[in-house]
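For clarity, every value in this text was computed on a predicted model and none was experimentally measured.
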Amino acid sequence: MKLVLIDAFAILHRAFHAIPPLTNRKGEPTNAVYGFVSMILRVITDLEPDSLAVCFDVKVPTFRHKEFKEYQSQRPPMADELTSQIEKAKDFLKAAGIPIYLKAGYEADDLLGTIAKKGNFDSVVIATGDKDILQLVDKKIKIYMPIVGLSSAKLFGEEEAKERMGVDPIQIPDYKALVGDPSDNYPGVAGIGPKTAIKLLEKYSNIDKIYAHLEDIEPNIRIKLEKGKSDVLLFHRLATIIQDVDIKIDFAEMKKWNIASPDVLKLFEEFGFKTLSERVKLVGKKIDEEKQGSLF
């Protein structure tokens with residue numbers, strides 16, 4: 001059995017910038033929703049999930065913002081044209097029977113990590129445009145990531161994730177704590193760059209072991225690590241995806257989705273998605289035929 005989880009804002013944001021402006025009959029923007037639906041159709045076609053769920057961020061400070069005031073503070077506000085499409089995306093998901101998960105104080109990443117780890121599935125795939133989620137990759141969990149806009153996507157297992165990041169998936173929070181992350185606006189350890197961080201992690205595996213062996217590290221690097229110790233532990237917490245968020249998870253509900261439901265087709269009429277209406281009908285027909293075939 002396969003569970004596919006979708007990182008809503010990561011896909012919506014990418015879609016908003018990848019798809020030219022579109023509007024419905026009311027003049028409301030719909031390009032992000034169009035791209036979001038297109039990506040979900042690609043996910044269903046390519047990955048053939050048994051279960052589906054989507055995780056959203058909540059627009060309130062998380063524990064990361066509370067621990068580090070500068071966290072993501074450099075990011076510009078979400079464009080009004082994108083913000084206005086979030087509820088439309090949720091309307092589509094509800095029409096398709098795809099469960100939505102969100103929780104104040106946590107990022108979608110934390111919910112994705114929690115659901116992925118708790119589910120009793122043969123495999124789990126997370127669809128996202130956020131490379132931070134590569135830290136969740138293991139023998140069961142893979143990441144499905146758009147590569148160029150939304151026109152192509154790549155499946156990242158353990159080998160692909162290491163090739164992309166330079167370290168094993170489990171080491172990504174350690175790596176980010178050492179070198180920093182401009183997108184989340186924390187600096188890492190002053191003077192420690194990617195090459196040094198990778199060498200340290202290759203030899204000592206993680207932050208704790210690096211600091212347990214400070215006396216074995218060459219003086220100029222040891223001094224930098226000593227000065228940055230309090231910060232690096234904080235940055236490690238910021239970089240680590242929480243995998244035990246207290247949320248109620250209904251795995252049975254994740255099996256009940258219907259991408260070509262009458263409610264979806266009615267909603268697409270309102271959105272003006274004629275092409276997508278035909279695509280969901282084809283995908284729905286294929287799914288029905290496969291289900292019928294499995295009975296014989």
Side-chain angles (χ1 to χ4, degrees), residues 4-47 52-60 72-102 107-109 112 126-133 143-154 182-185 257-284:
V4 172
L5 300 170
I6 295 167
D7 184 0
F9 276 4
I11 299 301
L12 278 166
H13 186 270
R14 184 176 285 260
F16 179 70
H17 292 285
I19 306 295
L22 295 172
T23 57
N24 61 14
R25 283 172 291 187
K26 298 178 182 178
E28 299 166 336
T30 57
N31 63 323
V33 181
Y34 187 96
F36 183 70
V37 174
S38 297
M39 186 64 185
I40 291 179
L41 289 174
R42 178 189 289 272
V43 162
I44 291 170
T45 302
D46 289 355
L47 304 178
L52 271 174
V54 177
C55 296
F56 277 82
D57 293 296
V58 180
K59 195 178 179 181
V60 295
Q72 296 182 346
S73 62
Q74 88 294 0
R75 294 188 180 184
M78 185 180 292
D80 291 341
E81 294 82 2
L82 175 54
T83 302
S84 66
Q85 297 186 61
I86 293 171
E87 288 305 315
K88 290 183 176 63
K90 290 180 179 178
D91 289 342
F92 157 69
L93 294 169
K94 292 171 186 174
I98 301 174
I100 295 170
Y101 288 86
L102 48 80
E107 296 180 20
D109 295 9
L112 293 165
I126 301 173
T128 181
D130 183 359
K131 67 180 186 300
D132 291 346
I133 298 180
I143 307 301
Y144 184 81
M145 190 176 297
I147 301 301
V148 181
L150 295 174
S151 62
S152 62
K154 180 177 179 178
S183 68
D184 285 335
N185 202 38
W257 56 277
N258 179 5
I259 198 67
S261 74
D263 288 343
V264 168
L265 297 175
K266 182 179 178 181
L267 195 63
F268 282 6
E269 283 185 29
E270 179 185 325
F271 291 168
F273 291 170
K274 292 182 181 179
T275 303
L276 283 181
S277 292
E278 296 306 313
R279 284 179 62 190
V280 297
K281 288 176 186 177
L282 289 173
V283 172

**Q** How far apart are the closest heavy atoms of Val280 and Ile259, and which atoms are they?
**A**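 Heavy atoms of Val280 and Ile259 come nearest at CB-O, 3.8 Å.
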**Q** Are Val37 and Phe271 packed together at the side-chain level, in the sense that at least one heavy-atom pair is separated by less than 4.5 angstrom?
**A**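 Of all side-chain heavy-atom pairs linking Phe271 with Val37, none is under 4.5 Å.
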**Q** Which value, rounded to the nearest 0.5 Å, describes the distance between Leu5 atom CG and Tyr101 atom OH?
**A**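 Separation between the atoms: 9.5 Å.
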**Q** For the atom pair CZ (Arg75) and CG (Asp184), what is the distance rounded to the nearest 0.5 Å?
**A**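 Between atom CZ of Arg75 and atom CG of Asp184 there are 5.0 Å.
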**Q** Can you name the closest pair of heavy atoms from Arg14 and Ile147 and give their distance?
**A**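 Reported closest heavy-atom pair: NH1-O, 4.0 Å.
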**Q** How far does CD1 of Ile86 sit from CE of Met78, to the nearest 0.5 angstrom?
**A**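 Atom-to-atom, Ile86:CD1 and Met78:CE are 4.5 Å apart.
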**Q** Which atom names give the shortest non-hydrogen contact between Asp57 and Ala108, and what distance separates them?
**A**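 In terms of heavy atoms, the two residues are closest at OD1-N, 2.7 Å.
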**Q** How are the rings of Phe36 and Phe92 set to each other: parallel, tilted or perpendicular (split at 30° and 60°)?
**A**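 Phe36 and Phe92: perpendicular rings.
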**Q** Between Ala127 and Val43, which heavy-atom pair has the shortest distance, and what is it?
**A**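 Smallest heavy-atom distance, with atoms named: CB-CG2, 3.9 Å.
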**Q** Are the side chains of Arg279 and Ser38 in contact, using a 4.5 Å heavy-atom criterion?
**A**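 Yes; the side chains approach each other to less than 4.5 Å.
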**Q** Are any non-hydrogen side-chain atoms of Arg42 and Tyr144 less than 4.5 angstrom apart?
**A**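 In short, these two side chains touch, coming nearer than 4.5 Å.
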**Q** Compare all side-chain heavy atoms of Gln85 with those of Asn31 and state whether any distance is below 4.5 angstrom.
**A**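 Result yes, sub-4.5 Å side-chain heavy-atom pair found.
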**Q** Can you find a pair of side-chain heavy atoms, one from Glu270 and one from Asp91, that are under 4.5 Å apart?
**A**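 Side chain of Glu270 against side chain of Asp91, heavy atoms only: no contact under 4.5 Å found.
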**Q** If you define the side chain from C-beta out and look only at heavy atoms, does anything of Lys90 sit under 4.5 Å from Leu102?
**A**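 Yes, at least one pair of side-chain atoms sits under 4.5 Å.
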**Q** Can you confirm whether Leu93 sits close enough to Ile40 that some side-chain heavy atom of one is under 4.5 Å from a side-chain heavy atom of the other?
**A**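 Result yes, sub-4.5 Å side-chain heavy-atom pair found.
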**Q** Using 0.5 Å steps for rounding, measure from the CD1 atom of Ile143 to the CG atom of Leu112.
**A**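 Ile143 atom CD1 to Leu112 atom CG measures 8.5 Å (nearest 0.5 Å).
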**Q** Would you confirm whether Ser261, through its side chain, and Val264, through its main-chain N or O, come within 3.5 Å as a donor-acceptor pair?
**A**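 Confirmed, Ser261 side chain pairs with Val264 backbone.
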**Q** Would the number of heavy atoms belonging to other residues, nucleotides or ligands and lying under 6.0 Å from NZ of Lys154 be above 12?
**A**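 Yes, NZ of Lys154 has more than 12 neighbouring heavy atoms, counting only those of other groups under 6.0 Å.
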**Q** Thr83 versus Lys59: any side-chain heavy-atom pair under 4.5 Å?
**A**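 Contact flag for Thr83/Lys59 side chains = no.
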**Q** Identify the heavy atoms of Pro99 and Leu52 that sit nearest to each other, and give their distance.
**A**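 That would be CD-O, 3.2 Å.
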**Q** For Gly129 and Ile11, which heavy atoms make the closest approach, and how far apart are they?
**A**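 Here Gly129 and Ile11 meet closest at N-CD1, 4.1 Å.
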**Q** Please assess Lys94 against Asp263 for the test side-chain contact (heavy atoms from CB on, under 4.5 Å), listing each intermediate value before the final yes or no.
**A** CA-CA 9 Å; Lys94 292 171 186 174; Asp263 288 343; over 6 Å; no
**Q** Taking atom types as modelled, is there a side-chain donor on Asn185 or Ser73 under 3.5 Å from an acceptor on the other?
**A**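 Yes - a donor-acceptor pair under 3.5 Å links their side chains.
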**Q** With rounding to the nearest 0.5 angstrom, report the CE to CG distance, Met39 to Leu12.
**A**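 Answer rounded to 0.5 Å: 11.5 Å.
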**Q** In sequence, state the C-alpha distance, the side-chain angles, and the governing distance for Lys266 and Glu269, and then conclude on salt bridge (charged side-chain N to carboxylate O under 4.0 Å, His left out).
**A** CA-CA 5 Å; Lys266 182 179 178 181; Glu269 283 185 29; over 6 Å; no
**Q** Return the CD1 to CD1 distance between Ile6 and Ile100, rounded to the nearest 0.5 Å.
**A**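 Reported to 0.5 Å precision, the distance equals 11.0 Å.
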